[in-house]
Amino acid sequence: MTGKPESYDVVVVGGGVNGTGIAMDAAGRGLDVLLCEMNDLASATSSRSSKLIHGGLRYLEHYEFRLVRQALAEREALLANAPHIMWPMRFRLPHQPHLRPAWMIRAGLFLYDHLAKRELLPGSRSITFTPDDPLKPEITRGFEYSDGWVDDARLVVLTARKAEQLGARIQTRTRCVRAERSTDHWQVTLLDTRTGDSRVVRTRALVNAAGPWVSSLFDSTLDQKAPRMIRMVKGSHIVVPRLNRDDEAYILQNEDERIVFVIPYEDHFSLVGTTDVDYEGNPSEATISEEETRYLLDIVNHYFRHQLTPEDVVWSYSGVRPLMDDEEGSAQKASRDYSFEVDAPGGKTPLLSVFGGKLTTFRKLAEAATDRLCDYFPEARGHWTRDAVLPGGDFQGQPRLQEALCQHYPWLPGLLASRLVRSYGTDSYPLLGDSARLEDLGRHFLGTLYEREVEYLVRHEWAVNADDVLWRRTKQGLYATQEQVDELSRWLEIRTAQSREQPCTSGQQPV
């Protein structure tokens with residue numbers, strides 16, 4: 001390697017929701033930012049959540065009032081900033097008197113309604129279930145309250161796009177293999193995992209937002225002892241044919257004091273989860289066990305008329321949550337709060353490490369972390385992200401946008417239009433471009449996935465392989481056969497080979 005290394009104000013290691021959130025916030029304050037992610041954006045914990053923007057009703061039982069208040073306050077800010085990938089959802093809690101008395105649930109819901117200001121979301125209420133509900137007939141009473149749904153992986157991708165629009169450099173498939181500190185900078189060695197090429201960059205501050213790898217990065221890359229350890233807890237989910245009658249979700253109590261969500265998922269499915277199991281090993285290799293599958297099915301079958309078997313599971317996924325190790329006895333009681341450590345011995349250039357956290361509070365975490373970074377950058381600007389609309393989110397109401405999109409493209413099938421709106425928002429227009437008929441979208445791969453969309457994902461959203469496209473960008477993997485996955489993989493391989501033979505033009509993402 002020759003020449004002077006690239007130089008940045010901040011290098012962020014980790015392309016999950018916390019890493020992209022910090023990159024976006026810091027770039028918006030005028031700092032020069034590079035984010036590196038060893039795999040795809042949101043390829044670990046951040047795409048394997050329960051996909052909820054929520055305060056965490058059950059956390060009230062663990063007396064985490066500060067966390068719940070902060071998360072509740074964040075719900076409406078996030079819903080306003082990304083109405084395409086987030087929307088309000090009503091949750092129904094069937095009452096089981098032997099598990100929690102009605103007065104306790106009412107008290108919890110009262111706190112949930114009033115711990116933070118609500119403008120968009122209606123409050124809680126008691127409800128009576130009817131024979132039209134999918135629950136067993138002996139379940140007649142319950143409660144209903146508001147929270148929100150989010151496409152977690154797209155939240156990460158759109159946050160990264162916003163960071164890039166503000167000047168940040170986003171590099172996926174790029175591993176941080178070494179970081180050495182001097183008085184006024186870090187020297188960081190980055191490895192391109194696809195080509196094997198490495199290069200060195202300099203940065204005035206380093207952020208370790210590696211999620212479940214946050215503690216191990218100290219040993220493998222920083223050559224120093226981690227200031228604290230995390231507790232790795234595996235949460236698994238299953239996807240089954242639709243159980244929810246309409247757009248309502250269910251929150252089910254269990255004998256072990258845990259709760260399980262049954263959430264409308266895509267157009268034809270229900271998402272059921274989650275478990276809480278302590279985990280050791282490589283977070284990338286976490287998978288659901290037969291015991292976890294049976295646990296989730298047993299809870300659902302206890303409440304719903306329609307009885308499920310393991311053969312009904314369409315898909316499953318498991319994520320490892322990096323929780324703060326507060327030595328609680330059970331995984332379910334481990335705190336979902338976050339903290340970060342700033343290490344700058346003797347006034348040397350800082351290292352900021354993020355521990356814990358949850359999806360709903362990622363913006364507040366990023367804001368607080370960037371505040372600490374700005375102690376070393378007095379020229380940086382102040383807070384700005386509370387009203388920061390994510391790419392494609394500049395509209396009011398999905399139905400209105402879908403109607404406008406279908407007027408502009410009257411040939412667009414309804415299911416495709418609906419999915420584009422809830423994935424890309426107003427960016428559906430540049431994606432569709434000058435298409436005048438369905439054939440202009442190119443090859444039909446599967447479901448509602450066409451070549452033009454895949455090309456858009458490669459150029460603008462860092463998609464490289466079939467998993468990136470089918471699971472983290474579109475969820476069309478739910479409708480894919482292995483033959484169709486193979487066909488898409490071959491197309492992407494040819495597309496990648498062609499792009500490497502051509503110079504990268506301005507505004508085009510290299511693949």
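The shown structure was predicted, so the numbers you read here are calculated from the model rather than taken from an experiment. By convention here, the first residue in the shown sequence is residue 1.
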No-hydrogen, no-angle side-chain donor-acceptor test under 3.5 Å, Ser236 and Ser318: yes

Looking at Arg29 and Asp371, is any side-chain nitrogen of the basic one under 4.0 Å from a carboxylate oxygen of the acidic one? yes

Is a donor from one side chain sitting under 3.5 angstrom from an acceptor on the other, for Ser50 and His237? yes

Between Tyr424 and His84, is the gap from one ring center to the other below 6.0 Å? no

Using the side chain to side chain donor-acceptor pair (under 3.5 Å) rule, take Asp394 and Thr426 through it: C-alpha gap first, then chi angles, then the decisive distance, then the call. CA-CA 7 Å; Asp394 51 337; Thr426 55; 2.4 Å; yes

Might you confirm whether atom CD of Glu280 has over 12 heavy atoms from other residues, nucleotides or ligands at distances under 6.0 Å? no

Below 4.0 angstrom, N of the basic side chain to O of the carboxylate: do Asp467 and Arg473 qualify? no

Salt-bridge present (Asp151, Lys51; N to O < 4.0 Å): no

4.5 Å side-chain heavy-atom contact, Leu60 and Tyr112: yes

Applying side chain to side chain contact (heavy atoms under 4.5 Å, CB included) between Met232 and each of Pro283, Pro322, Ser215, report the one that passes. Pro283

Would you call Pro264 and Trp149 a side-chain contact if the rule is heavy atoms closer than 4.5 Å? no

Using a 3.5 Å distance criterion without hydrogens, assess whether the side chain of Thr349 forms a donor-acceptor pair with backbone atoms of Trp186. no

Consider only side-chain N and O atoms of Tyr376 and Asp9, and report whether a donor and an acceptor are under 3.5 Å apart. no

Mark yes or no for whether Lys234, through its side chain, and Thr287, through its backbone, hold a donor-acceptor pair below 3.5 Å. yes

Examine the side chains of Arg452 and Ser435 and answer whether a donor and an acceptor come within less than 3.5 Å of each other. yes

Can you check whether Leu441 reaches Leu432 side chain to side chain, under 4.5 Å on heavy atoms? yes

Are Thr448 and Arg419 linked by a side-chain donor-acceptor pair shorter than 3.5 Å? yes

Salt bridge (Lys or Arg N to Asp or Glu O under 4.0 Å) between Arg181 and Asp223: does it pass, once the steps are laid out? CA-CA 10 Å; Arg181 177 161 46 191; Asp223 196 24; over 6 Å; no

Would Arg75 and Glu119 count as a salt bridge (Lys or Arg N to Asp or Glu O under 4.0 Å) if you check the C-alpha gap in whole Å, the side-chain angles of each, and the deciding distance to 0.1 Å? CA-CA 10 Å; Arg75 289 181 311 182; Glu119 294 180 352; over 6 Å; no

Could you please spell out the steps behind the ring-ring contact (aromatic ring centres under 6.0 Å, His included) verdict for Phe445 and Trp491? CA-CA 10 Å; Phe445 288 108; Trp491 186 92; 5.7 Å; yes

Below 4.0 angstrom, N of the basic side chain to O of the carboxylate: do Lys117 and Glu76 qualify? no

Does this structure show an ion pair linking Arg422 with Glu266, if we count only N-O contacts that are shorter than 4.0 Å? yes

Tyr145 and Phe91 aromatic ring geometry - parallel, tilted or perpendicular at 30°/60° bounds: parallel

Can a donor-acceptor pair be found between the side chains of Ser49 and Asp152 at a distance below 3.5 Å? yes

Hydrogens and angles aside, do Arg228 and Ser339 bring a side-chain donor and acceptor to less than 3.5 Å of each other? yes

Criterion salt bridge (Lys or Arg N to Asp or Glu O under 4.0 Å) on Arg204 and Asp184, from CA distance to verdict: CA-CA 6 Å; Arg204 294 167 61 191; Asp184 63 348; over 6 Å; no

Quick check against the 3.5 Å criterion: does Thr360 have a side-chain atom that pairs as donor or acceptor with the backbone of His54? yes

Sequence neighbours left out, cut at 3.5 Å: what donor-acceptor pairs do the side chains of residues 166-176 make with other protein atoms?
| residue | atom | partner | partner atom | Å |
| --- | --- | --- | --- | --- |
| Arg169 | NH1 | Glu6 | OE1 | 2.9 |
| Arg169 | NH1 | Tyr8 | OH | 3.3 |
| Gln171 | OE1 | Arg199 | NH1 | 3.2 |
| Gln171 | OE1 | Arg199 | NH2 | 2.6 |
| Arg173 | NH1 | Asp468 | OD2 | 3.0 |
| Arg173 | NH2 | Asp468 | OD1 | 3.2 |
| Arg173 | NH2 | Asp468 | OD2 | 2.9 |
| Thr174 | OG1 | Thr172 | O | 2.9 |

Ignoring hydrogens and angles, state whether a donor on the side chain of Ser146 or Arg90 is under 3.5 Å from an acceptor on the partner side chain. yes

Assess, by modelled atom type and distance only, whether the side chains of Thr45 and Arg321 contain a donor and an acceptor separated by less than 3.5 Å. no

For Arg118, enumerate each residue passing the side chain to side chain donor-acceptor pair (under 3.5 Å) test, keeping only those at least two apart in sequence or located in another chain. none

Which pairs of donor and acceptor atoms, one on a side chain in residues 205-214, lie under 3.5 Å apart (sequence neighbours left out)?
| residue | atom | partner | partner atom | Å |
| --- | --- | --- | --- | --- |
| Asn208 | OD1 | Ala210 | N | 3.3 |
| Asn208 | ND2 | Val214 | O | 2.8 |

Can any side-chain N or O of Trp462 pair as donor or acceptor with the backbone N or O of Val157 at less than 3.5 Å? no

